[in-house]
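In what follows, a single structure is set out as structure tokens and then discussed.
One is the number of the first residue; the rest follow in order along the sequence.
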Amino acid sequence: MATFLYRIGRWAFRRRRRVLGLWLGVLVLAGLAAALAPAAEEEDLSMPGTESQKAFDLLDERFPESNSQGAEARLVFRAPDGQRVTAMEHKAAVEDTIGSLDGGDQVASTTDPYETGAVSEDGTIAYSTITYTADAVDLTEPTKSALEDAASQARDAGLTVEIGGSALESEEAPGGTTEIIGVAVAALVLILALGSLVAAGLSLLTAFVGVAIAFGLVSALAVPLGLTSTVAILALMLGLAVGIDYALFITSRFRDELAQGSQPEEAAGRAVGTAGSAVVFAGATVIIALVGLGVVGIPELTKMGLGGAGAVALAVLVALTLVPALFGFFGRRILSRAVRKATRPGSGRPHPEPTAAGRPGLGTRWARFVLRRPVPVLMIAGLGLGAVALPALSLELGLPGDESKSVETTQRRAYDLLSEGFGPGFNGPLTVVVDTSASTDTQATTDQVVETLRGVDGVASVGDPVLNQTKDTAVLTAVPQTAPNSGETKDLVHAIRGAVSDVEADTGAGVLVTGKTALNIDISEAMSDALIPYLTVVIGLAVLLLMVVFRSVLVPVKAALGFLLSVGAAFGVLVAVFQWGWAADLVGIEQTGPVMSLMPILIIGIVFGLAMDYEVFLLTRMREAYVHGASPGEAIVNGFRHSGRVVAAAAIIMVSVFAGFIGMSNPTIQTMGVGLAAAVAFDAFVVRMAIVPAVLALLGHRAWWLPRILNRVLPNVDIEGEKLSRRVPDSATEPDTAVTPLAVGRHQR
């Protein structure tokens, strides 16, 4: 592996203009494809195999006319205090408002609340439903403006008017203020860590190229593959974070090689051969974790995983080819000015980077501190993460709706008005589908289902059944007494499914409970059921991969256990912020509620891959020193001396990038930003910087033990670049890792 990548690095360095031209060409093509591609529709979340999804599929089959409906809006009217919306002047204002929309462009139909009974019992609140011929993403600005103008017209008449439904929903677009701040922080960290504007700019530039290509490809493939804006934003988020990190690791190694006296081309080859090997395996763990999301069985989650994996794969390719190509353009200018003055290129003598007054760096001092006190460090770090993870025991899952939006939005205010006027369950009605194709008496079966529903505790009302054209399917609407995301509504769904099973047995009919609320409940339960299989597959594959990389049994196991601590602490933060409301104002959360049901398994997949990134980058240098004759303790110090500062900088960059997405209004992206930023911070600074060296110090030589049978079976990928050390002059190697062949052989046996 190292030799192959070494050749790639030197080739890219020599053919830098060709490599740069190829990547710029790909960038232009991806941009053109994205610009010419039609806008994608935001697909509803689905979960094949669940009862609610089976009911939706049955509705599509038996009620095909419903598929032609587009976006929907609800105009919610409220009379002034002490007055009724049924008063003559208010009724006239409502009817004039609705009439102004009739026959409008893209308007399919409108309803009159006074004819449909859409007026609250106390007569203070009413609503009208407006159905459009196009989906929300295809509604034109004049159509949306007409809806908002109609609401303003009613407000001028003295009514309170809010707009709910999907008509005003817009696709979330990246590029807000918080994302820009995150990138700015990343740039500042790069400058401080590398001490060179050229080196920092190179890492940012290459990351932007990879991200732009990934984002363009996702946008171009959005329609044929059904990719949503969430997939594009996740690809942007991950591609930017790992792209900067991967470029940083290879650039840092290139600088080390230059400072040790290597010629620029040789330094580029060795940087890609060693740090590039770590990038390949780190990227592979991220890709495994993301592709593994497909085992859950949710199409949207699978697409998010594949989109993110594609962005990571592009980041790896850019780091292995474009980064060394740019080394050829900038050469020694990538070094800081102080190092350029202190070193002489081409002298063949090693020139370690100077430190202030010869004092060891912070990474070295920290590693030595942990080696002296491994047990206290391990206990404090482990117990601290355990305490942060405690709120995760109260984790509740759900899918966000209008209730999770800011009270500043008209959708949220419409939701609140409907809850006030028609009960908390009105915003989350249950749809009951009765398949009577196998029943002898359709009417009697439907009536029996209605009576059964009305007899279930927690059902506020049951609407009249609607039959399809062939009279073999009926649809009922049951309104719960409780809010959509409440535990009582979840219990009600299970109670209804249990109650109608007797009807199914008596009549032979099929009765299915669906609707957004039921689907949310089914997805949340499916997430819980899929968690253990997913962890087994992903962690198992990653442990095997790390076993190949480090040729050790205990190091991969330790890496996986450390990850569980960091992700548990991240879940604790999600519960504390989104359910309990701690520090919610800081991240713009105005309404607490359940954590989005997709988040646990999505965060596990992403964070596991990123956690293994830091494990690979930090322990590669330790393993490299160990196989070259260093003692276990010296290997730990060597790893922190060379990689500690770079890993810390990479973690700060990744946290900044993820935190930059917290300000977006999309609840999925917002929750993801908080969870990923917290998880990366815990994993990098507590697990990898404290727990890992403490455990390695306690294990000693046992940390690098591999049974003989596995030593013979597992391939030797040479991630430490040992073969490279044999093919370059000793003067080009680092003095603290250069040892005799006898010492190398002693550790490899």
Side-chain angles (χ1 to χ4, degrees), residues 178-179 181-190 192-193 237-238 240-242 244-245 248-249 282 285-286 289 362-363 366 370 377-378 380-392 559-578 582-584 586-587 589 595 599-600 602-618 640 643-663 669-694:
T178 53
E179 297 100 290
I181 293 174
V183 174
V185 171
L188 179 61
V189 171
L190 281 172
L192 294 176
M237 183 188 298
L238 282 176
L240 188 59
V242 301
I244 294 175
D245 280 5
L248 171 62
F249 286 118
T285 58
V286 181
L362 179 60
W366 170 252
V370 176
V377 170
L378 182 60
I380 292 173
L383 292 175
L385 286 181
V388 177
L390 283 177
L561 294 177
F563 153 75
L564 292 176
L565 276 175
S566 58
V567 82
F571 288 167
V573 170
L574 288 179
V575 171
V577 173
F578 290 93
W582 294 4
L586 296 178
V587 296
I589 304 298
V595 174
M599 280 304 105
L602 185 60
I603 288 177
I604 284 173
I606 295 173
V607 173
F608 183 78
L610 299 180
M612 297 306 103
D613 272 10
Y614 299 126
E615 183 79 6
V616 170
F617 291 129
L618 190 60
F640 274 86
S643 297
R645 182 176 67 172
V646 178
V647 169
I652 295 173
I653 289 169
M654 196 168 284
V655 170
S656 301
V657 171
F658 289 149
F661 287 84
I662 295 175
I669 302 300
Q670 194 175 46
T671 308
M672 199 184 306
V674 173
L676 292 178
V680 169
F682 291 139
D683 193 89
F685 296 108
V686 182
V687 174
R688 308 303 154 191
M689 294 291 186
I691 293 179
V692 165

Within the 4.5 Å heavy-atom criterion, are [X] and [Y] side-chain neighbours or not?
X	Y	answer
Val687	Glu615	no
Val573	Trp582	no
Met654	Asp245	yes
Phe658	Ile653	no
Ile691	Leu385	yes
Ile603	Phe571	yes

Which pair of heavy atoms, one from [X] and one from [Y], lies closest together, and at what distance?
X	Y	result
Ala651	Ala684	CB-CB, 3.3 Å
Ala681	Val655	N-CG2, 3.8 Å
Ala659	Ala677	N-CB, 4.2 Å
Val388	Pro391	O-CD, 3.1 Å
Gly562	Asp683	O-OD1, 4.3 Å
Ala282	Thr285	O-OG1, 2.6 Å

Hey, what do you get for [atom1] ([X]) to [atom2] ([Y]), rounding to the nearest 0.5 Å?
X	Y	atom1	atom2	answer
Leu676	Leu238	CG	CG	7.0 Å
Leu602	Met672	CG	CE	4.5 Å
Met689	Phe640	CE	CZ	5.5 Å

Test ring pair (Phe, Tyr, Trp, His ring centres under 6.0 Å) applied to Phe682 - qualifying residues, sequence neighbours left out: none
N/O donor-acceptor pair under 3.5 Å between Trp366 side chain and Gly644 backbone: no
